Amino acid sequence: MPQHFGHLLGLPAAVPALPAAPLVPRVDELQGHQRRLKLRHAADALFPDTPVDSRRFRVLDGLHRPERGRHWRAVNRRTLNESRDVWHALPGIDRSAVTALFARYDQALAADPMALRRIVLYELTVLLQQHPRGCGPEAAREFGVDPDECEALAFAVRQRPRLTVEGREAAEHIVDAWHLGELRRAHTHATRIGDTGGDQRLDALIRKITQRRAAALASLTEADRLERTGRLADAGALRLRAARTAVDENAPVTALLRTPHDGPRIRARIRPDAIDLEWSGHTTGPYRLVRASSRRWTVLVPTLDATAFTDDTAPLGERVHYAVLPLEGPADPRVRELPLHSAPLLFAPDVGQPHITDARARITAAWQPPPGASDIIVARHPGGHPVASTLDGFTDRDLVPGDYQYTICCHYRTASGEDGLSPGITVSATVHPWPDPITSLDATPAGDCGSVNAVWSGGRGSEVRLLDLPSRTPAEGTDLLLDELPPHRIVASAPAARGSTELRPPRGTRARLTAVSVLDGRARIGPSIQLELPAPVERLTVLREAPDQVHLAFDWPGDAARVQVSWEQYGHQHQQIVTKSAYLTRGGLRLDVGTAAVRFRAEAVVLADADVVIPAGAGATVELPPYRAISYELVKPGWRAGSRRRVVLRAEYPNRSDPSESDLPEFVLVARAGGTKKLPPPRPRNPADGVTVLRLSGVEIGDGDPVQREIDLAATGESAPYTLRAFLLGPHADSTRLKEPPHERLVVR
């Protein structure tokens, strides 16, 4: 009967020490590829087309997979290539994950022929320790271990301490830290792994880590000795070698940063809220940027490809110092050469964009305060007098005209509670003389219609300008530069000593007249008056639309808001106010009046708040004569032989004072022949456009009673058809209404 593995020696002696770490670089990436392919461990990759329950492999004495005839085949790079090709032929497989995974396997075997076995044993140890039914032979068989090795493997796993999450993290990344030269992190991983369980390769790696780290730190003592003896270059080279050996140790890098170096410098510029850095070296990046403050070095950017950086976390009120460490590459944090340094600088920004203005006997300053400043300290020179200020500026009062200088410093409170001041800036200012104020302003209409006399007092030694300013003007007593005045029009200008001037504003003027005293480009706002010269109403016309209704039209006067229309009739005065919007919307003004003669007048309404109103003369007037109307109709001839057509006229003159007087115009009836039987001739255009068939004077027409006259159309010498039309002639024709019958009744066929 064949003996089981380890039967004579006993299981503890027969099974080799299980690996406590995979010792494969970037093992987390490798495990990620395995999870994408749904593999439990690395040995599953050897069976791409075999069901999980049928997979069998040996791992205690090398990694083997079964072959035909109960033979076992050692897994090597050729075996992996064959398995990879089978994986690629499977339908629906993630080929990119297959390619990446087997490339990692091939790299591991190229470095160590037993690397894949080590990975499988490490993964099986973790899986068996976490199995819900405990670490036994059946659990090992579930993961594909050959039955002849299940009991021995399970026994060996049970002898090892259970791996914690922290221990697994350290075991899987210790080799990465070693390859990157991060000896401190590698030493920390070794401490967290603890008992290696006799893993010789891991023990050898930990010894190398300990020895190399101790040698790097010990070389710093030798570098200090060399620096004390004046051998600065040798000391710098030794510290650089220590920093490259233990890249994550603070002591070598700190010592390297202390090494004097005459190479390129870092240029620094202080901004209100940050520090701008820029440098250039003999070699390109990447770089590591560090900052020293309060005797501490802080890594600002571990890896930086650019040659410029803005530090917006610098401690306010403290002196800082920057250094740039050239690195080997983005994935290689080793320092390549001696660092670049900046000069020490105080991060205490001064105020930004100072703006100085002067006013009457005072200086006003404004600026942009830097963030973090607790106070602003200002002193006036000569004399160094302190000036009260806020974070945004100051106002220094009671100054005589002259030149002054101000020193402005920012006060800071550091994180440690200490006080600090910025270097400070100095600004210059001049207090200029300002004009005396105008104390009064008045205006009265002059004797000449349309002119006004403006009278003022004050403004001694200055020029007085009368300005037409908009309604929203600076208040009286305001000092301004002439360039700061709102848009305006100069109405008049004179020396203050004159005291008055004559103004002739154009019609329609409505202005707020403000007196301003001016001296050397500076002005003081004085009193104001509201002046108005209303525009005249022009082209006033009146037309009767009915016996007792009239329509008024006129040109609207300038920018007047309202117009007053007044009229006199029957010995009484009437008036009506019309607004511009109502007038334009309704196309004029319609009034109900009587039939008697009317006299109309229209003029603009002045503002109620006007201080001075310049008379514009009489408003526009027009007279409307009394209502007069003449109507007529054409009567066809009767059955009586020899009868002719008749014209019946009636006159309406309700306000005629004397019936014997003839105020009615002359009536003329004109006939125009031509046309056809279907189309009558056109209407006469004027009294001469046809033959006169009837003419009556105003006396003949009379008043009230109808007047009848026969007309003889045959006397025209033209044959029918005819078109008749009446006209009014004489001095009152335009003011007399002619009422005509419908056009079809004036056609005679």
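Just so you know, residue 1 is the first one in the sequence shown, and it goes up from there. These numbers come from a predicted model, not from an experiment.
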Test item: [X] and [Y] side chains (from C-beta on) under 4.5 Å apart, heavy atoms:
{"X": "Val598", "Y": "Val550", "answer": "no"}
{"X": "His732", "Y": "Arg628", "answer": "yes"}
{"X": "Val707", "Y": "Glu700", "answer": "no"}
{"X": "Thr736", "Y": "Leu738", "answer": "no"}
{"X": "Pro349", "Y": "Asp273", "answer": "no"}
{"X": "Val455", "Y": "Ser500", "answer": "yes"}
{"X": "Leu441", "Y": "Leu466", "answer": "yes"}
{"X": "Leu634", "Y": "Val647", "answer": "yes"}

Work out which heavy atom in [X] is nearest to a heavy atom in [Y]; give both atom names and the distance.
{"X": "Phe394", "Y": "Ser389", "result": "CB-CB, 3.7 Å"}
{"X": "Tyr570", "Y": "Thr595", "result": "OH-N, 3.5 Å"}
{"X": "Asp312", "Y": "Ala274", "result": "CA-CB, 3.9 Å"}
{"X": "Asp436", "Y": "Ser462", "result": "O-OG, 4.3 Å"}
{"X": "Val605", "Y": "Gln564", "result": "CG2-N, 3.6 Å"}
{"X": "Ala496", "Y": "Gly459", "result": "CB-O, 2.9 Å"}

Inset, instruction - Look at Glu652 together with Arg650 and state whether they make a salt bridge at an N to O cut-off of under 4.0 Å. - result: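 Result for this pair is no, no salt bridge flagged.
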
[atom1] of [X]: more than 12 outside heavy atoms within 6.0 angstrom?
{"X": "Arg590", "atom1": "CZ", "value": "yes"}
{"X": "Arg271", "atom1": "CZ", "value": "yes"}
{"X": "Gln353", "atom1": "CD", "value": "no"}
{"X": "Asp734", "atom1": "CG", "value": "no"}

Enumerate donor-acceptor pairs with a distance under 3.5 Å from any side-chain N or O in residues 721-731 to protein atoms, sequence neighbours excluded.
unit_1, atom_1, unit_2, atom_2, d
Tyr722, OH, Glu718, O, 2.1
Thr723, OG1, Pro681, O, 2.6
Arg725, NH1, Pro684, O, 2.7

Inset, instruction - For side-chain contact (heavy atoms from CB on, under 4.5 Å), just list the numbers for His432 and Leu481, CA-CA rounded to whole Å, side-chain angles, deciding distance to a tenth of an Å, and then say yes or no. - result: CA-CA 11 Å; His432 296 85; Leu481 297 176; over 6 Å; no

From [X] [atom1] over to [Y] [atom2], what is the distance, rounded to the nearest 0.5 angstrom?
{"X": "Tyr632", "Y": "Glu740", "atom1": "OH", "atom2": "CD", "answer": "4.0 Å"}
{"X": "Arg683", "Y": "His743", "atom1": "CZ", "atom2": "NE2", "answer": "6.5 Å"}
{"X": "Asp442", "Y": "Leu513", "atom1": "CG", "atom2": "CG", "answer": "11.0 Å"}
{"X": "Asp468", "Y": "Arg489", "atom1": "CG", "atom2": "CZ", "answer": "5.0 Å"}
{"X": "Leu624", "Y": "Arg599", "atom1": "CG", "atom2": "CZ", "answer": "12.5 Å"}
{"X": "Arg512", "Y": "His488", "atom1": "CZ", "atom2": "NE2", "answer": "14.0 Å"}

Inset, instruction - Start with the C-alpha distance between Ile711 and Leu713, add both sets of side-chain angles, then the distance that settles side-chain contact (heavy atoms from CB on, under 4.5 Å), and finish with yes or no. - result: CA-CA 6 Å; Ile711 58 173; Leu713 295 176; 4.2 Å; yes

For residues 359-372, tabulate all N or O donor-acceptor pairs below 3.5 Å that involve a side-chain atom, not counting sequence neighbours.
unit_1, atom_1, unit_2, atom_2, d
Arg360, NE, Asp479, OD2, 3.0
Arg360, NH1, Pro435, O, 3.0
Arg360, NH2, Pro435, O, 2.6
Arg360, NH2, Asp479, OD1, 3.0
Trp367, NE1, Leu391, O, 2.8

Inset, instruction - Output all residues satisfying ring-ring contact (aromatic ring centres under 6.0 Å, His included) with Tyr627, sequence neighbours left out; order by chain, then residue number. - result: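 Here no residue qualifies.
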
Inset, instruction - Could you pull out all residues at least two apart from Thr439 that satisfy side-chain hydrogen bond (donor to acceptor under 3.5 Å, both in side chains)? - result: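 side-chain hydrogen bond (donor to acceptor under 3.5 Å, both in side chains) check on Thr439 returns Ser457.
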
Inset, instruction - Apply side chain to side chain contact (heavy atoms under 4.5 Å, CB included) to Glu568 and list each qualifying residue two or more places apart in sequence or on a separate chain. - result: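 Result, side chain to side chain contact (heavy atoms under 4.5 Å, CB included) vs Glu568: Gln573.
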
Inset, instruction - Please confirm whether the backbone N or O of Val593 pairs with a side-chain atom of Gln569, one donor and one acceptor, at under 3.5 Å? - result: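 Answer holds: no.
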
Side-chain donor/acceptor pairs under 3.5 Å, residues 399-408, sequence neighbours excluded:
unit_1, atom_1, unit_2, atom_2, d
Asp403, OD1, Thr430, OG1, 2.8
Tyr404, OH, Val400, O, 2.9
Tyr406, OH, Asp396, OD2, 2.9
Thr407, OG1, His381, NE2, 3.1

Legend entry - Ring geometry between Trp567 and Phe600 (parallel below 30°, tilted from 30 to 60°, perpendicular above 60°):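 Judged by the thresholds at 30° and 60°, the geometry between Phe600 and Trp567 is tilted.
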
Inset, instruction - Start with the C-alpha gap between Val693 and Arg645, add the side-chain angles, then the distance that decides, and say whether side-chain contact (heavy atoms from CB on, under 4.5 Å) holds. - result: CA-CA 11 Å; Val693 296; Arg645 295 179 186 272; over 6 Å; no

Inset, instruction - Could you walk me through whether Leu591 and Gln576 pass side-chain contact (heavy atoms from CB on, under 4.5 Å), step by step? - result: CA-CA 9 Å; Leu591 299 174; Gln576 182 170 329; 3.2 Å; yes

